[in-house]
Amino acid sequence: MLTDTQADHAWVSLRAGSEDQESADRAQALRHERKWRQFDRGVCDAIEDIAISRWTDLENASLHGEATTPPDRYFIAIALKSTRVRLTRGRQTIFDGIMPAGTLYISAPSRQLTAQFNAPFDFLHFHVATGYFPIERSASQSIPTEDLDDLVLLRDCFAEQLAKALIEHGNAADQKFACCVGQTLAMHIARLEFPRAKVNALPKWRLRRVEEHIKAHFDRCISLSDLAKVAGLSRMHFAAQFRAATGYRPREYLLHQRIEHAKLLLSNTDTPLAEVALAVGFCTQAHFSTVFKRIAGETPARWRCASKNALPAVQEFLPRLGFGGQNVALRRAGGMA
C-alpha cells in the first residue's frame with residue numbers, strides 16, 4: 001500500500017486516469033495550459049491571490065488564442081524563449097514581430113487580448129490579484145494604477161531572473177516558493193517607473209525591415225545609425241520607437257539575436273567557441289562568453305554540454321509520458337535565454 005508521499009508523486013511515473021492527472025495538475029505550482037491562459041478549473045482558483053501557469057509548444061509554428069483578463073486580476077507574461085507573435089485588441093495591433101526571450105508584458109483587469117503565435121514559444125504566466133497593485137502610492141515610490149490600464153511591454157532583467165529561478169526548480173517548485181516568486185514579481189512591477197511621455201511604437205512595416213536587416217547582418221558591426229537609416233528615422237526617434245515596440249534597446253536586441261544564432265551553432269555543430277564567437281559578430285571569445293552567460297545564464301561551453309546531454313535523455317523520457325512526437329521539446333537551440 002502506497003504512503004501519502006508515494007501517492008503524491010506516483011503520477012510522474014505512471015500515466016493514471018484523467019481524473020488523477022487533473023488532480024496532479026492542480027497540485028503543481030506551475031500549471032500546464034491546454035489553451036492560451038486557461039488551465040483546469042478556470043484561469044484562477046478563487047482562493048489563490050497568485051496563480052502561475054506555463055504556455056509552451058516547442059513544435060507547432062502557428063497557434064491562435066484569445067482571452068479576457070478577469071475583473072479581479074492582472075495578467076503578466078514573461079517570454080522564456082524568442083518567438084514571433086502578434087498581439088491585438090479588436091482592430092488595434094499592439095505588437096507584431098519577434099519577441100525576444102526575457103520580454104515581459106502586462107494586461108489589466110477586464111481587458112481582452114488576442115494572440116497569434118507564428119513560431120514555437122514558451123511563456124510563464126502570472127495571474128495576480130488586483131490587491132497587489134494598490135491605488136494609493138507615493139509618487140516617488142511607484143506608478144499610478146492607471147498606467148497599468150493598458151498593455152505594457154518592456155524588457156526587465158530582474159523579472160527574467162525571477163522566471164528562471166522558478167523554472168529551474170521544475171516540478172520540485174512548491175506552492176510557497178512559487179507564490180513568493182509571484183509576490184516579488186508583482187511588487188517589483190508595481191514599483192517600476194514607466195515613461196510619462198507616451199512614445200508611439202515603431203510601425204510594424206518599419207520594424208519588419210529592421211528585423212530582416214539584423215537577421216541578414218547580425219554577424220557584422222551594426223550601428224544605431226545603420227538601423228535608424230533602415231527604418232527611415234532619426235537615431236533618437238528610432239531608438240525610442242523601437243523600444244516601445246519590442247521592449248528592447250536596439251543594441252540589446254542585436255545581442256540577443258546573436259546569442260540565439262550562437263545557440264544553433266553550439267547545439268548542432270562542434271565548431272570551436274572562438275569560431276562561434278566570430279561567426280555571430282563578436283570580436284573576441286571573451287566578450288562572447290560574457291554576453292552569452294549574461295543572457296543565457298551559463299557559459300557557452302556549459303550550455304553546449306547541457307544541450308547535447310539533454311537530447312538523448314529527453315528522447316528516452318518523452319514516450320513514457322505519452323508524447324508521440326519525436327521532436328517535442330527538442331529544439332534546445334532556441335531554448336530559454
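Computation of the quantities below employed the complete heavy-atom set of this structure, encompassing side-chain atoms and omitting hydrogens, waters and symmetry-equivalent molecules. Quick caveat: nothing in here was measured; it's all calculated off a predicted structure.
- The CG atom of D219 sits 9.0 Å away from the NE2 atom of H261 when rounded to the nearest 0.5 Å.
- If you check the side chains of T284 and H287, you find no donor sitting under 3.5 Å from an acceptor.
- Of all heavy-atom pairs spanning F123 and L80, the tightest one is C-CD1, 4.3 Å.
- Contact annotation: the side chain of R86 approaches that of T93 to within less than 4.5 Å [non-hydrogen atoms, C-beta and beyond].
- Note on L278 and W303: separate hydrophobic clusters, where clusters join Ile, Leu, Val, Met, Phe, Trp and Tyr whose side-chain heavy atoms are under 4.5 Å apart, directly or indirectly.
- Using a 4.5 Å heavy-atom threshold, the side chains of F177 and L166 count as touching.
- Residues R304 and L265 have side chains not in contact (no heavy-atom distance under 4.5 Å, counting atoms from C-beta outward).
- Remark: the backbone N or O of F218 is paired with a side-chain donor or acceptor of R258 at under 3.5 angstrom.
- Between the OG atom of S223 and the NZ atom of K229 there is a distance of 10.0 Å, given to the nearest 0.5 Å.
- Using a distance-only test at 3.5 Å, with no hydrogens or angles considered, a donor-acceptor pair links the side chain of R73 to the main chain of D49.
- Nearest heavy atom pair, residue T88 against residue L113, reads O-CD1, 3.5 Å.
- Between I214 and L254, the shortest heavy-atom contact is CG2-CD1, 3.8 Å.
- No side-chain N or O of R37 forms a donor-acceptor pair with one of S53 less than 3.5 Å apart.
- No side-chain donor-acceptor contact under 3.5 Å links T114 to the backbone of E66.
- At least one side-chain heavy atom of W55 sits less than 4.5 Å from a side-chain heavy atom of L63.
- For the pair T103 (side chain) and P100 (backbone), a donor-acceptor distance under 3.5 Å is present.
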Query raised in the report: Given the rule in the side-chain contact (heavy atoms from CB on, under 4.5 Å) test, do V291 and R294 qualify, once you have shown the distances and angles that lead to the verdict?
Result: CA-CA 5 Å; V291 175; R294 174 169 64 83; 4.1 Å; yes
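- A donor-acceptor pair under 3.5 Å is absent between the side-chain atoms of R243 and the main chain of R249, judged by distance alone.
- Looking at heavy atoms from C-beta onward, S107 lies out of side-chain contact with Y74 at the 4.5 angstrom threshold.
- By the 4.5 Å heavy-atom criterion applied to side chains, L104 and L185 are counted as neighbours.
- If you check the side chains of Q116 and S62, you find a donor sitting under 3.5 Å from an acceptor.
- Residues A101 and S82 approach most closely at N-OG, 3.2 Å, considering heavy atoms.
- Residues W36 and G65 approach most closely at CE3-C, 3.4 Å, considering heavy atoms.
- In terms of modelled atom types and a separation under 3.5 Å, the side chain of R209 and the main chain of V230 share a donor-acceptor contact.
- Taking the six-membered ring where the residue is Trp, H127 and H125 present perpendicular rings, their angle passing 60° and hence far from 30°.
- L266 has its side chain within reach of F292: a pair of non-hydrogen atoms, C-beta onward, lies under 4.5 Å apart.
- A115 and F117 make their closest contact through CB-CE1, 3.7 Å (heavy atoms, listed as atom of the first residue, atom of the second, distance).
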Query raised in the report: Run the side-chain contact (heavy atoms from CB on, under 4.5 Å) check on L207 and T246 step by step: do they pass?
Result: CA-CA 9 Å; L207 179 61; T246 66; 3.8 Å; yes
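- Atom-to-atom distance recorded for E275:CD and Q285:CD is 10.5 Å, nearest 0.5 angstrom.
- When each of Q257, K204, R84 is checked for a side-chain hydrogen bond (donor to acceptor under 3.5 Å, both in side chains) with E211, only R84 meets the rule.
- F242 contributes atom CZ, which lies 10.0 Å from atom CG of L224 (distance to the nearest 0.5 angstrom).
- At distances below 3.5 Å, at least one donor-acceptor pair connects side-chain atoms of T83 with backbone N or O atoms of A119.
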Report task. Apply salt bridge (charged side-chain N to carboxylate O under 4.0 Å, His left out) to R54 and D122, showing your working. Result -> CA-CA 7 Å; R54 192 168 181 178; D122 193 2; 2.7 Å; yes
Report task. Start with the C-alpha gap between F238 and V210, add the side-chain angles, then the distance that decides, and say whether side-chain contact (heavy atoms from CB on, under 4.5 Å) holds. Result -> CA-CA 10 Å; F238 165 72; V210 173; 3.8 Å; yes
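- L233 is listed as a side-chain neighbour of L202, based on a closest heavy-atom distance under 4.5 Å.
- Rounding to the nearest 0.5 angstrom, the gap separating the OG atom in S307 from the CG atom in N268 is 7.5 Å.
- Atom CD1 in I167 sits 11.5 Å away from atom NZ in K164 (nearest 0.5 Å).
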